[in-house]
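This structure is a prediction, so every number in the text was calculated from the model and none was measured. In each ligand, atom 1 is the first atom listed, and ligand 1 is the first ligand listed. This chain uses plain numbering: 1 for the first residue, then up along the sequence. All values below come from the heavy atoms of this structure, side chains included, with hydrogens, waters and symmetry mates left out.
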Amino acid sequence: MFEDDGYAFDTLAVRAGQVRSGEGEHSEAMFLTSSYVFPSAAEAAARFSGESSGNVYSRYTNPTVRMFEDRMAALEGGEAAVATASGMAAILSLCMALLKSGDSVICSRSVFGTTTALFARYMKKFGVRVTFVDLTDMQQWRDALDGDTKLLFMETPSNPLCEVADIRQLADLAHSAGALLAVDNCFCTPALQRPLSLGADIVVHSATKYLDGQGRCVGGVAVGRRELMGELRAFLRTAGPSMSPFNAWVFLKGLETLSLRMQTHSRNALALAWWLDEQEAVEKVNYTGLPKHPGHLLAAEQQSAFGGMLSFSVRGGREAAWKVIDNCKILSCTANLGDAKTTIVHPATTTHGRLSEEERARAGISESLIRVSVGLEDVEDLQRDLLRGLSQL
Ligand SMILES: *Cc1c(COP(=O)(O)O)cnc(C)c1O
(Lines give C-alpha, C1' and ligand atoms only; values in the text may rest on other atoms or scores of the structure.)
Protein backbone atom coordinates (compact mmCIF):
# COMPACT_ATOMS: atom_id res chain seq x y z
CA MET A 1 0.00 0.00 0.00
CA PHE A 2 1.37 3.41 -1.04
CA GLU A 3 1.52 5.84 1.87
CA ASP A 4 1.50 9.56 1.17
CA ASP A 5 4.48 11.09 2.92
CA GLY A 6 3.93 14.65 1.74
CA TYR A 7 5.00 13.80 -1.80
CA ALA A 8 4.80 16.24 -4.71
CA PHE A 9 2.00 16.19 -7.31
CA ASP A 10 3.97 14.34 -9.98
CA THR A 11 4.80 11.53 -7.56
CA LEU A 12 1.19 11.24 -6.39
CA ALA A 13 -0.09 11.16 -10.00
CA VAL A 14 1.99 8.03 -10.65
CA ARG A 15 1.78 6.34 -7.25
CA ALA A 16 -1.05 7.50 -4.97
CA GLY A 17 -3.78 5.01 -4.11
CA GLN A 18 -2.06 1.88 -5.36
CA VAL A 19 -2.67 -1.23 -3.27
CA ARG A 20 -0.83 -4.38 -4.42
CA SER A 21 -2.45 -7.79 -4.17
CA GLY A 22 -0.52 -10.81 -2.85
CA GLU A 23 0.80 -11.38 -6.39
CA GLY A 24 3.06 -8.34 -6.18
CA GLU A 25 1.95 -6.91 -9.55
CA HIS A 26 3.81 -3.70 -10.46
CA SER A 27 1.00 -2.12 -12.49
CA GLU A 28 -2.38 -1.62 -10.80
CA ALA A 29 -4.54 -4.76 -10.98
CA MET A 30 -7.91 -4.71 -12.70
CA PHE A 31 -10.51 -6.35 -10.44
CA LEU A 32 -13.23 -7.42 -12.87
CA THR A 33 -15.59 -8.89 -10.31
CA SER A 34 -19.15 -7.91 -9.50
CA SER A 35 -19.19 -9.47 -6.02
CA TYR A 36 -16.84 -10.70 -3.29
CA VAL A 37 -16.60 -13.95 -1.29
CA PHE A 38 -17.03 -13.63 2.48
CA PRO A 39 -14.76 -15.79 4.66
CA SER A 40 -17.71 -16.67 6.94
CA ALA A 41 -21.42 -16.02 7.41
CA ALA A 42 -20.58 -13.83 10.40
CA GLU A 43 -18.24 -11.67 8.28
CA ALA A 44 -20.94 -11.43 5.58
CA ALA A 45 -23.37 -10.15 8.21
CA ALA A 46 -20.78 -7.64 9.50
CA ARG A 47 -20.12 -6.28 6.01
CA PHE A 48 -23.82 -5.91 5.22
CA SER A 49 -24.47 -4.10 8.50
CA GLY A 50 -21.51 -1.78 7.93
CA GLU A 51 -19.60 -3.02 11.01
CA SER A 52 -16.83 -4.29 8.75
CA SER A 53 -15.61 -2.20 5.81
CA GLY A 54 -14.74 -5.03 3.40
CA ASN A 55 -16.08 -5.29 -0.15
CA VAL A 56 -19.63 -6.51 -0.75
CA TYR A 57 -20.57 -5.69 -4.31
CA SER A 58 -19.00 -3.54 -7.05
CA ARG A 59 -21.91 -1.13 -7.16
CA TYR A 60 -20.60 0.08 -3.77
CA THR A 61 -16.86 -0.57 -3.81
CA ASN A 62 -14.26 -2.16 -6.07
CA PRO A 63 -10.49 -2.26 -5.43
CA THR A 64 -9.54 -0.82 -8.85
CA VAL A 65 -12.14 1.93 -8.60
CA ARG A 66 -10.93 2.69 -5.05
CA MET A 67 -7.35 3.11 -6.29
CA PHE A 68 -8.59 5.68 -8.81
CA GLU A 69 -10.66 7.46 -6.14
CA ASP A 70 -7.76 7.60 -3.69
CA ARG A 71 -5.40 8.90 -6.37
CA MET A 72 -7.87 11.62 -7.39
CA ALA A 73 -8.40 12.64 -3.74
CA ALA A 74 -4.61 12.96 -3.35
CA LEU A 75 -4.26 15.00 -6.56
CA GLU A 76 -7.09 17.43 -5.76
CA GLY A 77 -6.00 17.67 -2.13
CA GLY A 78 -9.35 16.38 -0.81
CA GLU A 79 -10.17 13.94 1.96
CA ALA A 80 -12.13 11.52 -0.21
CA ALA A 81 -13.37 10.92 -3.75
CA VAL A 82 -16.28 9.05 -5.32
CA ALA A 83 -16.00 7.73 -8.90
CA THR A 84 -19.05 7.64 -11.14
CA ALA A 85 -20.09 6.21 -14.52
CA SER A 86 -19.71 9.60 -16.27
CA GLY A 87 -19.08 13.24 -15.55
CA MET A 88 -22.83 13.87 -15.64
CA ALA A 89 -23.35 11.05 -13.13
CA ALA A 90 -20.94 12.86 -10.77
CA ILE A 91 -22.96 16.07 -11.06
CA LEU A 92 -26.27 14.20 -10.72
CA SER A 93 -24.99 12.34 -7.63
CA LEU A 94 -23.90 15.64 -6.11
CA CYS A 95 -27.39 17.07 -6.63
CA MET A 96 -29.29 14.00 -5.47
CA ALA A 97 -27.13 13.54 -2.38
CA LEU A 98 -26.96 17.14 -1.21
CA LEU A 99 -30.14 18.90 -2.40
CA LYS A 100 -33.79 18.57 -1.52
CA SER A 101 -37.04 20.07 -2.70
CA GLY A 102 -37.24 23.76 -1.73
CA ASP A 103 -33.48 24.34 -1.97
CA SER A 104 -32.08 26.82 -4.45
CA VAL A 105 -28.98 26.59 -6.62
CA ILE A 106 -26.99 29.31 -8.39
CA CYS A 107 -25.30 28.08 -11.52
CA SER A 108 -23.03 29.84 -14.00
CA ARG A 109 -24.59 30.36 -17.41
CA SER A 110 -21.32 29.19 -18.99
CA VAL A 111 -21.31 25.56 -17.89
CA PHE A 112 -21.32 22.41 -19.99
CA GLY A 113 -24.65 22.36 -21.91
CA THR A 114 -25.87 19.09 -20.39
CA THR A 115 -25.19 20.46 -16.90
CA THR A 116 -27.49 23.38 -17.70
CA ALA A 117 -30.17 20.94 -18.84
CA LEU A 118 -29.76 18.80 -15.71
CA PHE A 119 -30.38 21.81 -13.47
CA ALA A 120 -33.01 23.56 -15.60
CA ARG A 121 -35.05 20.52 -16.58
CA TYR A 122 -34.59 17.81 -13.97
CA MET A 123 -33.63 19.51 -10.71
CA LYS A 124 -36.44 22.00 -11.32
CA LYS A 125 -38.87 19.12 -11.78
CA PHE A 126 -38.05 17.94 -8.24
CA GLY A 127 -38.60 21.36 -6.66
CA VAL A 128 -35.04 22.71 -6.69
CA ARG A 129 -34.98 26.33 -7.84
CA VAL A 130 -32.10 27.28 -10.14
CA THR A 131 -30.87 30.76 -11.03
CA PHE A 132 -28.39 31.15 -13.87
CA VAL A 133 -25.88 34.01 -13.66
CA ASP A 134 -22.97 35.38 -15.69
CA LEU A 135 -19.81 33.59 -14.57
CA THR A 136 -17.68 36.69 -14.09
CA ASP A 137 -20.32 39.09 -12.70
CA MET A 138 -20.00 38.88 -8.89
CA GLN A 139 -22.99 41.19 -8.40
CA GLN A 140 -25.27 38.72 -10.16
CA TRP A 141 -24.04 35.90 -7.89
CA ARG A 142 -24.65 38.08 -4.82
CA ASP A 143 -28.11 39.14 -5.98
CA ALA A 144 -29.14 35.53 -6.63
CA LEU A 145 -28.36 34.38 -3.06
CA ASP A 146 -31.34 33.76 -0.80
CA GLY A 147 -32.05 31.92 2.43
CA ASP A 148 -32.60 28.64 0.55
CA THR A 149 -29.33 28.69 -1.43
CA LYS A 150 -27.47 25.42 -0.84
CA LEU A 151 -25.14 25.21 -3.81
CA LEU A 152 -23.14 27.43 -6.18
CA PHE A 153 -21.93 25.62 -9.29
CA MET A 154 -19.43 26.75 -11.95
CA GLU A 155 -16.58 25.90 -14.33
CA THR A 156 -13.46 27.96 -14.87
CA PRO A 157 -12.15 28.54 -17.50
CA SER A 158 -15.49 28.23 -19.28
CA ASN A 159 -16.40 26.43 -22.47
CA PRO A 160 -15.92 27.67 -25.20
CA LEU A 161 -15.05 31.34 -24.44
CA CYS A 162 -12.47 30.67 -21.68
CA GLU A 163 -13.94 33.16 -19.21
CA VAL A 164 -12.26 32.97 -15.81
CA ALA A 165 -13.98 33.18 -12.40
CA ASP A 166 -12.39 33.92 -9.04
CA ILE A 167 -12.75 30.65 -7.11
CA ARG A 168 -11.78 32.13 -3.74
CA GLN A 169 -14.32 34.98 -4.01
CA LEU A 170 -17.13 32.62 -4.96
CA ALA A 171 -16.19 30.20 -2.16
CA ASP A 172 -16.32 33.08 0.36
CA LEU A 173 -19.69 34.17 -1.02
CA ALA A 174 -21.10 30.63 -0.79
CA HIS A 175 -19.85 30.18 2.77
CA SER A 176 -21.25 33.54 3.88
CA ALA A 177 -24.68 32.11 3.05
CA GLY A 178 -24.04 28.64 4.48
CA ALA A 179 -23.93 27.18 0.96
CA LEU A 180 -21.38 24.94 -0.82
CA LEU A 181 -19.27 25.84 -3.85
CA ALA A 182 -18.80 23.06 -6.42
CA VAL A 183 -16.30 23.57 -9.25
CA ASP A 184 -16.21 21.49 -12.44
CA ASN A 185 -12.41 21.29 -12.86
CA CYS A 186 -12.54 19.44 -16.15
CA PHE A 187 -10.63 21.97 -18.29
CA CYS A 188 -7.66 22.50 -15.97
CA THR A 189 -7.47 19.20 -14.05
CA PRO A 190 -5.63 19.21 -10.70
CA ALA A 191 -2.36 19.40 -12.65
CA LEU A 192 -3.10 23.08 -13.35
CA GLN A 193 -5.70 24.18 -10.77
CA ARG A 194 -6.77 22.90 -7.35
CA PRO A 195 -10.10 24.53 -6.41
CA LEU A 196 -10.25 22.91 -2.95
CA SER A 197 -7.08 24.77 -1.97
CA LEU A 198 -8.84 28.02 -2.98
CA GLY A 199 -11.83 27.33 -0.74
CA ALA A 200 -14.19 25.28 -2.94
CA ASP A 201 -16.03 22.47 -1.15
CA ILE A 202 -16.40 19.98 -3.98
CA VAL A 203 -14.60 19.38 -7.27
CA VAL A 204 -16.27 17.38 -10.02
CA HIS A 205 -14.73 16.00 -13.19
CA SER A 206 -15.62 14.39 -16.41
CA ALA A 207 -12.79 11.82 -16.34
CA THR A 208 -13.69 11.24 -19.99
CA LYS A 209 -11.60 14.28 -20.93
CA TYR A 210 -8.04 15.01 -19.73
CA LEU A 211 -7.93 12.44 -16.91
CA ASP A 212 -8.17 9.69 -19.52
CA GLY A 213 -6.45 11.91 -22.05
CA GLN A 214 -6.74 9.54 -24.98
CA GLY A 215 -10.48 9.48 -25.62
CA ARG A 216 -11.16 5.88 -24.58
CA CYS A 217 -13.59 5.73 -21.64
CA VAL A 218 -16.49 7.66 -20.13
CA GLY A 219 -16.33 8.33 -16.39
CA GLY A 220 -16.54 10.94 -13.66
CA VAL A 221 -15.43 11.71 -10.12
CA ALA A 222 -16.27 14.04 -7.23
CA VAL A 223 -13.75 15.03 -4.55
CA GLY A 224 -14.27 16.77 -1.21
CA ARG A 225 -14.64 16.36 2.54
CA ARG A 226 -15.17 12.83 3.81
CA GLU A 227 -18.64 13.55 5.18
CA LEU A 228 -19.88 15.05 1.87
CA MET A 229 -18.41 12.20 -0.16
CA GLY A 230 -20.08 9.74 2.24
CA GLU A 231 -23.44 11.22 1.20
CA LEU A 232 -22.53 10.81 -2.49
CA ARG A 233 -21.41 7.22 -1.97
CA ALA A 234 -24.68 6.42 -0.18
CA PHE A 235 -26.56 7.74 -3.23
CA LEU A 236 -24.35 5.73 -5.60
CA ARG A 237 -24.89 2.57 -3.61
CA THR A 238 -28.64 3.07 -3.79
CA ALA A 239 -29.05 4.45 -7.30
CA GLY A 240 -26.18 2.76 -9.12
CA PRO A 241 -24.31 5.14 -11.46
CA SER A 242 -20.97 3.61 -10.40
CA MET A 243 -17.73 3.50 -12.39
CA SER A 244 -16.72 0.27 -14.11
CA PRO A 245 -13.41 -1.20 -12.85
CA PHE A 246 -12.13 -1.42 -16.42
CA ASN A 247 -12.65 2.31 -16.89
CA ALA A 248 -11.07 3.05 -13.50
CA TRP A 249 -7.98 1.12 -14.62
CA VAL A 250 -7.74 3.16 -17.86
CA PHE A 251 -8.07 6.40 -15.85
CA LEU A 252 -5.35 5.27 -13.41
CA LYS A 253 -3.03 4.81 -16.38
CA GLY A 254 -4.11 8.19 -17.75
CA LEU A 255 -3.28 9.95 -14.48
CA GLU A 256 0.32 8.69 -14.64
CA THR A 257 0.95 11.02 -17.61
CA LEU A 258 -1.49 13.80 -16.65
CA SER A 259 1.10 16.34 -15.61
CA LEU A 260 3.28 15.86 -18.69
CA ARG A 261 0.28 15.99 -21.00
CA MET A 262 -1.19 19.15 -19.43
CA GLN A 263 2.14 20.94 -19.82
CA THR A 264 2.32 20.03 -23.51
CA HIS A 265 -1.37 20.80 -24.15
CA SER A 266 -0.77 24.22 -22.57
CA ARG A 267 2.43 24.91 -24.51
CA ASN A 268 0.83 23.91 -27.83
CA ALA A 269 -2.33 25.92 -27.15
CA LEU A 270 -0.32 29.03 -26.29
CA ALA A 271 1.72 28.75 -29.50
CA LEU A 272 -1.42 28.16 -31.56
CA ALA A 273 -3.26 31.09 -29.91
CA TRP A 274 -0.43 33.54 -30.71
CA TRP A 275 -0.31 32.27 -34.29
CA LEU A 276 -4.10 32.48 -34.76
CA ASP A 277 -4.06 36.01 -33.39
CA GLU A 278 -1.80 37.03 -36.30
CA GLN A 279 -3.97 35.52 -39.05
CA GLU A 280 -5.87 38.00 -41.15
CA ALA A 281 -8.99 35.83 -41.43
CA VAL A 282 -9.23 35.51 -37.62
CA GLU A 283 -11.31 38.16 -35.84
CA LYS A 284 -10.72 37.22 -32.23
CA VAL A 285 -8.93 34.53 -30.21
CA ASN A 286 -10.22 33.44 -26.80
CA TYR A 287 -7.38 31.97 -24.78
CA THR A 288 -6.49 32.79 -21.19
CA GLY A 289 -2.78 32.66 -22.01
CA LEU A 290 -2.96 35.77 -24.22
CA PRO A 291 -2.22 38.90 -22.13
CA LYS A 292 -5.14 40.78 -23.70
CA HIS A 293 -7.67 38.15 -22.55
CA PRO A 294 -9.79 39.71 -19.75
CA GLY A 295 -9.21 36.70 -17.49
CA HIS A 296 -5.46 36.48 -18.11
CA LEU A 297 -4.20 37.82 -14.76
CA LEU A 298 -6.68 35.86 -12.67
CA ALA A 299 -5.91 32.66 -14.61
CA ALA A 300 -2.19 33.26 -14.09
CA GLU A 301 -2.87 33.56 -10.36
CA GLN A 302 -5.07 30.52 -9.78
CA GLN A 303 -3.71 28.19 -12.50
CA SER A 304 -0.15 26.96 -13.03
CA ALA A 305 -0.60 27.03 -16.85
CA PHE A 306 -3.36 28.05 -19.26
CA GLY A 307 -4.55 24.65 -20.49
CA GLY A 308 -5.38 23.21 -23.89
CA MET A 309 -8.76 24.75 -24.75
CA LEU A 310 -9.18 27.78 -27.00
CA SER A 311 -11.71 29.23 -29.38
CA PHE A 312 -11.57 31.80 -32.16
CA SER A 313 -13.92 33.56 -34.54
CA VAL A 314 -13.32 34.03 -38.24
CA ARG A 315 -14.50 36.62 -40.73
CA GLY A 316 -17.55 35.42 -42.65
CA GLY A 317 -19.95 33.64 -40.27
CA ARG A 318 -21.01 30.02 -40.38
CA GLU A 319 -19.91 29.34 -43.94
CA ALA A 320 -16.38 30.50 -43.19
CA ALA A 321 -16.19 28.58 -39.91
CA TRP A 322 -17.36 25.38 -41.60
CA LYS A 323 -14.81 25.90 -44.38
CA VAL A 324 -11.96 25.99 -41.87
CA ILE A 325 -13.25 22.83 -40.16
CA ASP A 326 -13.89 20.94 -43.41
CA ASN A 327 -10.41 21.71 -44.74
CA CYS A 328 -8.67 20.08 -41.77
CA LYS A 329 -6.92 16.79 -42.40
CA ILE A 330 -5.35 16.34 -38.96
CA LEU A 331 -7.74 18.08 -36.56
CA SER A 332 -10.71 15.77 -35.87
CA CYS A 333 -14.20 17.23 -36.21
CA THR A 334 -15.65 15.82 -32.98
CA ALA A 335 -17.19 17.30 -29.85
CA ASN A 336 -14.86 15.47 -27.46
CA LEU A 337 -12.03 17.37 -25.81
CA GLY A 338 -9.01 16.75 -23.65
CA ASP A 339 -7.61 14.17 -26.06
CA ALA A 340 -4.05 13.66 -27.34
CA LYS A 341 -5.65 14.23 -30.76
CA THR A 342 -6.60 17.84 -31.51
CA THR A 343 -10.33 18.28 -32.02
CA ILE A 344 -12.26 21.07 -33.73
CA VAL A 345 -15.95 21.86 -33.53
CA HIS A 346 -18.50 24.55 -34.45
CA PRO A 347 -20.27 25.24 -31.11
CA ALA A 348 -23.30 27.13 -32.55
CA THR A 349 -24.47 24.10 -34.53
CA THR A 350 -23.24 21.26 -32.25
CA THR A 351 -22.46 21.61 -28.53
CA HIS A 352 -24.65 24.72 -28.19
CA GLY A 353 -27.11 23.86 -30.97
CA ARG A 354 -29.96 23.18 -28.54
CA LEU A 355 -29.92 26.76 -27.27
CA SER A 356 -32.24 29.30 -28.87
CA GLU A 357 -30.65 31.99 -31.04
CA GLU A 358 -31.21 34.50 -28.24
CA GLU A 359 -29.59 32.28 -25.61
CA ARG A 360 -26.62 31.74 -27.90
CA ALA A 361 -26.27 35.46 -28.47
CA ARG A 362 -26.32 36.07 -24.72
CA ALA A 363 -23.71 33.35 -24.20
CA GLY A 364 -21.50 34.92 -26.87
CA ILE A 365 -21.60 31.87 -29.14
CA SER A 366 -21.56 33.38 -32.61
CA GLU A 367 -21.90 31.60 -35.96
CA SER A 368 -18.27 32.39 -36.72
CA LEU A 369 -16.90 30.79 -33.55
CA ILE A 370 -14.69 27.66 -33.69
CA ARG A 371 -13.52 25.69 -30.62
CA VAL A 372 -10.26 23.78 -30.60
CA SER A 373 -9.07 21.31 -27.98
CA VAL A 374 -5.35 21.47 -28.68
CA GLY A 375 -3.74 18.04 -28.57
CA LEU A 376 -0.21 16.71 -28.46
CA GLU A 377 0.68 16.80 -32.18
CA ASP A 378 3.41 19.08 -33.56
CA VAL A 379 2.01 22.59 -33.41
CA GLU A 380 3.37 23.63 -36.82
CA ASP A 381 1.48 20.75 -38.41
CA LEU A 382 -1.69 21.99 -36.68
CA GLN A 383 -1.07 25.49 -38.05
CA ARG A 384 -0.61 24.15 -41.56
CA ASP A 385 -3.87 22.23 -41.20
CA LEU A 386 -5.84 25.30 -40.11
CA LEU A 387 -4.20 27.54 -42.70
CA ARG A 388 -5.68 25.44 -45.52
CA GLY A 389 -9.17 26.75 -44.69
CA LEU A 390 -8.14 30.14 -43.28
CA SER A 391 -6.27 31.09 -46.45
CA GLN A 392 -9.49 30.65 -48.47
CA LEU A 393 -11.45 33.23 -46.46
C1 LIG B 1 -17.85 16.48 -20.88
C2 LIG B 1 -18.10 17.36 -19.74
C3 LIG B 1 -19.01 17.01 -18.74
C4 LIG B 1 -19.83 15.75 -18.79
O5 LIG B 1 -19.03 14.61 -18.67
P6 LIG B 1 -19.42 13.19 -19.32
O7 LIG B 1 -18.28 12.33 -18.90
O8 LIG B 1 -19.54 13.37 -20.78
O9 LIG B 1 -20.71 12.78 -18.69
C10 LIG B 1 -19.15 17.87 -17.66
N11 LIG B 1 -18.47 19.03 -17.59
C12 LIG B 1 -17.59 19.40 -18.54
C13 LIG B 1 -16.86 20.68 -18.41
C14 LIG B 1 -17.38 18.58 -19.65
O15 LIG B 1 -16.52 18.98 -20.61
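Some N or O of S206 is nearer than 3.5 Å to an N or O of ligand 1, by distance alone. Of the N or O atoms in I91, none lie within a sub-3.5 Å distance of an N or O in ligand 1. Some N or O of M88 is nearer than 3.5 Å to an N or O of ligand 1, by distance alone.
Atom 4 (C) of ligand 1 has as its closest protein heavy atom F112 CE2, 3.4 Å. Ranking protein heavy atoms by distance to atom 15 (O) of ligand 1, first place goes to K209 NZ, 2.7 Å. Of all protein heavy atoms, the one lying nearest to atom 7 (O) of ligand 1 is T208 OG1, 2.6 Å.
Other residues, nucleotides and ligands contribute at most 12 non-hydrogen atoms within 6.0 Å of the CD atom of E319.
Checked by atom type, the side-chain pair T208/S206 shows a donor-acceptor distance below 3.5 Å. In the model, Q139 has a side-chain atom that pairs as donor or acceptor with a side-chain atom of D143 under 3.5 Å.
Ligand 1 lies less than 4.0 angstrom from a heavy atom belonging to G219. Under the 4.0 angstrom criterion for non-hydrogen atoms, D184 is in contact with ligand 1.
Contact record, R261 with G213: NH1-CA, 3.3 Å, taken as the closest heavy-atom pair.
Each of the atoms 5 (O), 6 (P), 7 (O), 9 (O) of ligand 1 lies under 4.0 Å from some heavy atom of G87.
The shortest side-chain heavy-atom distance between L393 and E280 does not fall under the 4.5 Å cut-off.
Among Q18, E76, E28, the single residue meeting the side-chain hydrogen bond (donor to acceptor under 3.5 Å, both in side chains) criterion with R71 is E28.
For W249, the side chain to side chain donor-acceptor pair (under 3.5 Å) criterion is met by no residue, not counting sequence neighbours.
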